[in-house]
Protein chains: 2
Amino acid sequence: MSYTYEYPHPAVTADICIFSIREGTLKVLLIQRLIDPFKDSWAIPGGFIKMDEDLAVGAARELEEETGVSGVPLEQLGAYGAPDRDPRERVITVAFMALVPSDQMVLAAATDAADAQWFDMDELPALAFDHATILADARARLADKVTNRVTETAKSAFQFLPQKFTLAQAQAVFETLKGEPLDKRNFRKWIAANWDLVDLKEKTSGGRHRPAALYSVDF
Amino acid sequence: MSYTYEYPHPAVTADICIFSIREGTLKVLLIQRLIDPFKDSWAIPGGFIKMDEDLAVGAARELEEETGVSGVPLEQLGAYGAPDRDPRERVITVAFMALVPSDQMVLAAATDAADAQWFDMDELPALAFDHATILADARARLADKVTNRVTETAKSAFQFLPQKFTLAQAQAVFETLKGEPLDKRNFRKWIAANWDLVDLKEKTSGGRHRPAALYSVDF
DNA sequence: AGATAGTGTGTGAACTTTACACCATCCATT
DNA sequence: AATGGATGGTGTAAAGTTCACACACTATCT
């Protein structure tokens, strides 16, 4: 089967930057390419948009196919279309990003991805195509989003916390996402002012230190 | 001549929202389509990206071909790709926006555009495709950009002013771009704090009122 | 001389952001 | 029982930003 057009058409892909936190550090989900170009190098997951699906839908599908990650709200980052960004043919990609809780994710390798793995954002491998650029843009956007307005992206930060969490745990999560340390007192004021925290009247125990109050959050 | 691919490819276009100020109101540059679909309706200028050109370059080219407008820095808004946004075939568009001084622009009609005209943003005709959505997004972005940070977009606001301008003239321009009235004293504080105004030690004359001081701006 | 019409100017209140230090409590050790 | 270690928990002041607001000035026209 082949498809013929009167004029040349580029291929269009969606690429998705999936951020998460594991072991207290910011991670990004990469796949190892099984096929050329950039065979064996790492890349952000993505693939070709189908003719009858919306961009965000296609991005979600590719993400699930390649990594097993599903059900996350994707935010569009923009289109990347340098003529030589793909050596095969002209490929324009629409980049998306999301923040997910990695421990609920079952990573699965699929069709054109050998392996999906979390990488520390500070220790990235060489990336295929212009994915380093896309990822850098996504990282900047993430830091912006998380502590500014109360958006979906900011909400998803709480997914890294257990149902019952301490404020110190919450602070650690937001610091990781923002990429810089936050002041403890100011953070507590901020989180109390911007989110609906429920004081569970419970305390942690077992630590070799003063117990911490537990909270949950209502959206 | 035809082009054949193993998998279906969408067409990719660039569409450009060009804003300007004429007669004190915010205008947008639209073209009347000569061909189906949406023959005779108005649309934001744009067209197919060539295989060897960058997205922004293609956008600039289409803009010039269809309207005669050139040499403006385009800012990417994002990709729009609902599967049915074009009835012919799958077309994904990458939207751009810019702010230009309309009086320097010579409008020219070309290949697939009958006519390029400035429309008042408050009196838009029915638009082809999903251009109403794109334009609304662009309008919101414009208002954001202009008075927040000192960006290229904000700089270009000064193009609507003569070399020597009064602060009242400047205020009118920024009010038009932002879409809401600004406080006179606060505006003067803002412009003095954020831009390098040169007091020309000249005054307007001829008005039936107190003369105004003239300024120019250095970037 | 007086009316007209746009020009030009400062202050205070409310709010947001940032910086900063000390005591409290549990556990483990001695 | 006392001590030290480790983390939890709390308030205030200064600086900066945003916003609202009112009245006198002056060239021109009549």
Side-chain angles (χ1 to χ4, degrees), chain A residues 23-24 143-151 154 160-217, chain B residues 23-24 143-151 154 160-217:
Chain A
E23 299 142 29
D144 248 32
K145 287 247 143 188
V146 163
T147 44
N148 285 351
R149 301 169 208 297
V150 175
T151 59
F160 299 112
L161 293 167
Q163 278 294 321
K164 306 175 178 188
F165 55 86
T166 69
L167 295 184
Q169 289 174 320
Q171 181 173 347
V173 166
F174 280 88
E175 283 176 336
T176 303
L177 294 174
K178 202 149 169 70
E180 60 187 20
L182 301 172
D183 178 84
K184 181 162 56 162
R185 279 173 289 192
N186 292 339
F187 174 75
R188 285 166 185 239
K189 270 180 290 186
W190 174 82
I191 196 170
N194 289 283
W195 303 92
D196 187 5
L197 291 185
V198 182
D199 184 344
L200 298 172
K201 311 287 184 195
E202 295 180 62
K203 302 262 172 192
T204 53
S205 65
R208 190 173 168 168
H209 51 76
R210 178 174 173 178
L214 288 166
Y215 294 86
S216 65
V217 67
Chain B
E23 300 141 28
D144 248 33
K145 286 247 145 191
V146 163
T147 45
N148 286 351
R149 305 172 203 295
V150 175
T151 59
F160 299 112
L161 293 167
Q163 278 293 322
K164 305 175 177 187
F165 56 86
T166 69
L167 296 182
Q169 290 174 321
Q171 183 173 344
V173 166
F174 280 88
E175 283 177 336
T176 302
L177 294 174
K178 201 149 171 67
E180 59 188 19
L182 302 172
D183 177 84
K184 182 162 54 161
R185 278 172 291 191
N186 291 340
F187 174 76
R188 284 166 187 239
K189 269 180 291 186
W190 174 82
I191 196 170
N194 289 283
W195 302 93
D196 188 5
L197 291 185
V198 182
D199 185 344
L200 298 172
K201 310 285 183 197
E202 294 179 62
K203 302 263 172 193
T204 53
S205 64
R208 190 172 168 172
H209 51 75
R210 175 174 175 179
L214 287 167
Y215 295 85
S216 65
V217 66

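Scope of the values below: all heavy atoms of this structure, side chains included, with no hydrogens, waters or symmetry mates. Below, chain A is the first sequence line, B the second, and so on; all start at residue 1.
Inter-residue side-chain proximity for E175(B) and P181(B) is flagged as met; some heavy-atom pair is nearer than 4.5 Å. Using a 4.5 Å heavy-atom cutoff, the side chains of D199(B) and L197(B) are not in contact.
Atom pair Q169(B):CD and dA5(C):P shows a separation of 19 Å (rounding to whole Å applied). In this structure, N186(B) places its CG atom 16 Å from P of dA13(C), rounding to the nearest Å. The CG atom of L197(A) sits 16 Å away from the C1' atom of dT10(D) (whole-angstrom rounding). The distance from atom CZ of R188(A) to atom P of dA21(C) is 17 Å, rounded to the nearest whole Å. Rounded to an integer number of Å, the gap from CZ of R208(A) to P of dG8(D) is 15 Å. Per the geometry, CH2 belonging to W190(B) stands 16 Å off C1' belonging to dC19(D), to the nearest Å. Across the protein-nucleic acid pair, L182(B) atom CG and dG8(C) atom C1' stand 17 Å apart, rounded to whole Å. We find that NZ of K203(B) is positioned 17 Å from P of dG6(C), with the value rounded to whole Å.
Mapping D183(A) and H209(A) onto DNA chain D by nearest heavy atom places H209(A) closer to the 5' end of the strand. Toward the 5' end of DNA chain C, the nearer of the two residues G206(A) and K184(A), judged by each one's closest nucleotide, is K184(A).
Nearest nucleotide to the T166(B) side chain, out of dT7(C), dT18(C), dC21(D): dT7(C). Side-chain proximity of P211(B) to the nucleotides dT26(D), dC19(D), dT28(D) is greatest for dT26(D). Checked against dT28(D), dG8(D), dA20(D), the side chain of A212(A) finds its nearest nucleotide in dG8(D).
Using a 4.0 Å cut-off, no side-chain N or O of R185(A) falls inside it from OP1 or OP2 of dC20(C).
Between the side chain of K189(B) and the base of dT11(C) there is at least one donor-acceptor pair of N/O atoms closer than 3.5 Å. Not a single donor-acceptor pair, N or O on each side, falls under 3.5 Å between the base of dT26(D) and the side chain of R210(B).
Using the six-membered ring where Trp is involved, W195(B) and W190(B) have ring planes that are perpendicular, over 60° apart on the 30 and 60° scheme.
Partner of Y215(B) under the side chain to side chain contact (heavy atoms under 4.5 Å, CB included) criterion, chosen from L161(B), I191(B), L167(B): L167(B).
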**Request:** Could you go through the side-chain contact (heavy atoms from CB on, under 4.5 Å) check for V198(A) and V217(A) one step at a time?
**Result:** CA-CA 6 Å; V198(A) 182; V217(A) 67; over 6 Å; no
